[in-house]
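Here is the structure we will look at.
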Amino acid sequence: MLSPVHDALQQLDLLVQHLSLHRRHHLDQQSVALEGQNFTTRSGKIKTDAVAELQRRVKALEEANNAEKAALDPPSYTEEELMFLYEDVLALPSEPEQPKEMNVQELEQLQSEQDMAVVCAAVERFFLDDSLASSSTQSLLPPHRRLLSYIRAAVLRVEAARETIKPDAEPSIGQHEFLPVAILSVPEFQSILRLSIREGDAEAADLTLDLMKRSGLAVPEDMIDSLLKVCASVGNVVGTERVLVRYLNAPPSPKQRHYHIKSHLLSTPAQTIPSTALELLHSYEAQNLPAPMQTYTSVVTSLFSTNSSLGRAQAWDLFSHMRYVAHADPDATLYTLMIRACASPINMRPSEPEKALDLWAEMTVDRRLSPTAGAYDAVILACARSGRATYVNEAFRLAKQMLDSHRDARGNSAFKPSRRTYCALLEGAKRIGDLSRARWILAQMIVGPTEVEAECVNEEVMMHVFHAYASYRPPFNRNIVKPAEPVQTDSKSTTLTELSITDSETSSHQTGVPVHEPAAVFSHIPPQSGAEVIHEAQILYDRILYDSGLKNISDPTEGGTLPAEQKFKHVELSPRLLNSYLAVHYKHARFEDACNLYRQVFTECQVSKTGRTYVEALERCAIARRGHERTVVLEFAEEVWAGWQELEEAGHDNGRPLSGRTIEKAHIAMIRVLALTNHVDRAMQHLRAFAARYPPSDIRTLTLKPAMRSTRTVLVGERPLVRMTSSVEVPDDHVPPLVMFGDIDVLHHRLVAQRSTSDIKYVAWVCKAYEGALRARRDSALKLKPSEVDEQASVAHLEPPME
């Protein structure tokens with residue numbers, strides 16, 4: 001909307017223009033009429049004065065208009081001024097720089113030198129002209145030890161003198177009988193304590209505080225905390241509790257409670273639920289002295305690391321219990337831990353992305369906590385592991401948000417994708433068979449400079465990449481292509497397609513190596529056939545062997561776009577890496593080629609086979625295609641089964657049996673192989689042997705239920721008062737191996753075809769027996785009450801079986 005001043009200015013401009021034109025026309029006429037005469041009319045002078053007045057007014061209005069525009073228009077800035085402004089507004093959060101860390105180390109070194117100087121000065125002061133100075137035994141000890149020996153002897157003499165005069169003291173002055181004897185000052189005792197802790201001498205550190213107390217000096221709280229930290233870091237529960245009893249006259253501080261519980265956590269064996277730490281944690285809660293949030297985070301981390309469903313369920317219950325009785329608002333570290341736990345839920349699902357996104361929204365939106373790189377990696381992993389395309393795409397969207405939504409004025413991102421981020425994205429890509437994304441992620445990791453070993457391509461990355469190749473479905477399938485109509489010029493002529501296929505198969509049979517199409521060489525287009533998939537996987541595997549020094553390649557970049565640098569030198573040849581590489585051949589290669597690779601790859605890399613190796617090989621045999629595969633599958637299955645039996649027996653002999661699910665998978669796959677190859681009698685013998693070794697009656701035997709899993713509603717107790725999991729949701733990790741009808745339906749079909757009535761009845765009985773025993777076990781578990789026996793007797797049953 002135009003202002004009145006602006007309107008008036010426009011009208012005056014038009015009037016001035018009109019008058020100027022009129023004046024110029026009038027003067028032209030006068031100059032023509034009175035040319036040569038020096039004559040000026042009075043009316044011309046008046047008109048000239050009017051024009052000047054109008055021009056003056058127009059100028060005044062222009063100045064007023066410019067002033068009004070300057071007041072209304074926003075100020076203008078240069079690019080340099082804007083950059084300077086937004087650098088402060090969009091500045092990324094500052095992190096501790098490396099020089100600062102070096103300064104801390106230098107300060108610690110300087111503090112150590114000062115402490116040594118103080119102790120040496122005290123030694124010279126006390127041992128000067130003293131009989132102890134000539135002792136050879138004392139001269140061999142470190143300075144702080146020599147000083148402690150002298151102080152201990154002096155304190156003993158003082159205490160002996162007190163005991164001598166104590167009977168003669170009057171009762172009225174009994175309260176003043178303990179007079180402090182300041183042999184050393186508090187700073188000198190602190191120097192001795194720091195030197196003892198730095199050298200790992202916990203006994204000398206404890207003696208320092210003991211002598212300080214016996215000398216009559218008040219022990220500072222920071223010295224007690226330092227000694228507690230030393231005892232807790234090694235899991236010394238006895239030493240930690242002795243320090244608390246000796247030197248504390250008040251309830252322990254939050255930091256001291258943390259060290260007390262930490263000592264119990266570290267003293268608990270690995271893969272075991274820390275029952276004593278949980279009892280101590282709830283005991284502090286009952287005294288209205290809740291532990292700090294850092295302690296709850298440590299306990300929850302320990303429960304998740306037990307790798308058991310019961311431990312994970314207890315971790316979720318403790319998280320909800322903490323928000324009810326101690327800390328209602330978790331910090332970013334604890335949120336990250338719980339979001340990461342959603343990727344490994346207690347139920348049978350691969351992930352819980354809904355719960356992870358709820359916690360993510362609560363942290364970032366409701367609580368307005370700034371997300372960290374670890375929090376982004378956790379929520380990306382939880383979404384990617386779900387295996388559903390919707391949440392996998394959400395994982396990639398979150399990764400893009402991590403890089404784009406936290407940038408400074410110059411476009412630099414606050415977060416950089418780490419190896420953990422790439423592995424989380426590969427988890428999602430391989431589960432939906434998205435090989436294009438997996439190849440892109442691998443390219444991003446090997447193209448950029450990776451000087452830090454923690455960010456280089458490792459065994460986990462390549463395992464995910466091989467899994468992506470195994471789950472990939474190439475768009476071209478030679479078996480469904482109809483061959484072209486041959487042009488018959490002779491009865492013995494054949495088509496080019498048949499000739500090429502025959503030559504390819506003959507060459508493959510002779511060499512034992514699959515024939516690959518030469519065009520499939522890491523182009524921007526994903527592999528279009530199974531042979532191209534095998535070719536690319538072979539290139540990657542050979543490059544891993546080359547960078548590891550196990551194989552010589554004439555040209556490491558031949559056949560692909562891999563860089564000449566050793567980008568795979570940090571890839572460890574582990575069983576799971578070789579299993580993933582075999583999975584690619586199980587899916588896309590010929591059966592004979594996969595068998596030959598199985599026989600040579602572990603020997604070549606000097607890696608031992610695991611239970612998963614045998615199970616995956618047997619499961620590949622159990623889905624053998626009709627025709628040639630079923631004629632050769634039994635020989636390979638028997639070879640694999642012989643190795644599996646040795647592994648199974650070794651697990652029973654050393655007291656570390658394999659997982660029940662792994663055992664049943666192997667036996668079920670072997671039964672299916674025998675049934676598919678029409679060895680029905682051998683399949684029945686195998687089933688009877690399995691039922692004899694793992695009878696259904698064993699399933700009815702329950703494990704002890706810990707007291708902390710009690711479901712009774714109480715308001716006070718040494719267990720979580722608020723739970724997020726029920727007894728129904730927690731699976732049983734210790735169910736013995738079993739067989740269901742769906743697992744051996746192939747055997748049942750063969751028996752029906754042979755009309756073997758007795759064997760059909762036995763199969764039905766075995767399946768129903770296992771099913772009934774499993775149902776009875778579940779019903780008994782729901783009704784089971786916590787055991788009255790000692791908690792330590794039950795934690796042994798909570799140890800997860802070996803994979």
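Everything quoted here is computed from the prediction, not taken from an experiment.
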Do S302 and T268 come close enough that some side-chain heavy atom pair is under 4.5 Å?
no
Taking only Lys NZ, Arg NE, NH1 and NH2, and the carboxylate oxygens of Asp or Glu, determine whether R656 and E648 approach each other closer than 4.0 Å.
no
Could you tell me whether a side-chain N or O of H327 sits under 3.5 Å from a main-chain N or O of A291, the two making a donor and an acceptor?
yes
Distance from H467 atom NE2 to M462 atom CE, nearest 0.5 Å?
11.5 Å
Would you kindly say whether D225 and Q256 are connected by a side-chain donor-acceptor distance under 3.5 Å?
yes
Taking R214 for the side chain and D210 for the main chain, is one N or O donor matched with an acceptor at less than 3.5 Å?
no
With rounding to the nearest 0.5 Å, note down the distance linking CZ in R312 to OG1 in T725.
11.5 Å
Going by heavy atoms in the side chains, are V457 and R419 under 4.5 Å from each other?
no
Hey, mind stepping through E221 and S253 against side chain to side chain donor-acceptor pair (under 3.5 Å) and telling me if it holds?
CA-CA 9 Å; E221 185 176 342; S253 64; 3.3 Å; yes
L184 to E188 - nearest heavy-atom pair and separation
CD2-OE1, 3.0 Å
Taken in chain and number order and not counting sequence neighbours, the residues that satisfy side-chain hydrogen bond (donor to acceptor under 3.5 Å, both in side chains) with E649 are R693
Between Y422 and D377, a side-chain donor and acceptor under 3.5 Å
no
Side chain proximity check, H264 to E241, heavy atoms < 4.5 angstrom
yes
Hydrogens and angles aside, do E459 and S574 bring a side-chain donor and acceptor to less than 3.5 Å of each other?
yes
Is it the case that the side chain of K213 and the backbone of R246 share a donor-acceptor pair, with hydrogens and angles ignored and the cut-off at 3.5 Å?
yes
Any donor-acceptor pair under 3.5 Å from T306 side chain to L303 backbone:
yes
Hey, is CG on D222 packed in by over 12 heavy atoms from elsewhere, all under 6.0 Å?
yes
Does K609, at its NZ atom, have more than 12 non-hydrogen atoms belonging to other residues, nucleotides or ligands within less than 6.0 Å?
yes
Indicate yes or no for a side-chain donor-acceptor contact from R257 to the backbone of P290 under 3.5 Å, with no hydrogens or angles considered.
yes
Test: E362 and R323 ion pair at under 4.0 Å:
yes
Nearest heavy-atom pair of I699 and R777: which atoms, and what distance?
O-NH1, 2.7 Å
Could you state the interatomic distance from OG1 (T297) to CG (L337), rounded to the nearest 0.5 Å?
7.0 Å
Does any donor atom in the side chain of S309 or D733 lie under 3.5 Å from an acceptor atom in the other side chain?
yes
Residue pair D698 / P736: nearest heavy atoms and the distance that separates them
O-CG, 3.8 Å
Return yes if a side-chain donor-acceptor contact under 3.5 Å exists between H260 and Y284, otherwise no.
yes
When rounded to the nearest 0.5 angstrom, what is the spacing between CZ in R198 and CG in D115?
5.5 Å
Identify the heavy atoms of S386 and S351 that sit nearest to each other, and give their distance.
N-CB, 3.7 Å
Flag side-chain contact, heavy atom, 4.5 Å: M363 against P371
yes
Should the pair R385-E427 be classified as a salt bridge under the 4.0 Å nitrogen-to-oxygen rule?
yes
Quick one: OG1 on T333 to CE on M338, what's the gap to the nearest 0.5 Å?
13.0 Å
To check you understand the geometry: which heavy-atom pair defines the closest contact between A384 and R431, and what is its length?
O-CD, 3.7 Å
Geometric cation-pi criterion, K355 with W360: 6.0 Å, 45°
no
Side chain of R152, backbone of L147: donor and acceptor closer than 3.5 Å?
no
Are N236 and S263 close enough that a side-chain donor and a side-chain acceptor fall under 3.5 Å?
no
Assess whether atom CZ of R576 is packed by more than 12 heavy atoms of other residues, nucleotides or ligands within 6.0 Å.
yes
Using 30° and 60° as the class boundaries, would you call the ring planes of H652 and Y694 parallel, tilted or perpendicular?
tilted
For E279, is there any backbone N or O sitting under 3.5 Å from a side-chain donor or acceptor partner on S283?
no
Can you find a pair of side-chain heavy atoms, one from E285 and one from H321, that are under 4.5 Å apart?
yes
Note: I261 and T295 closest approach over all heavy atoms is CD1-CG2, 3.6 Å
Looking only at side chains, do S196 and D201 share a donor and an acceptor under 3.5 Å apart?
no
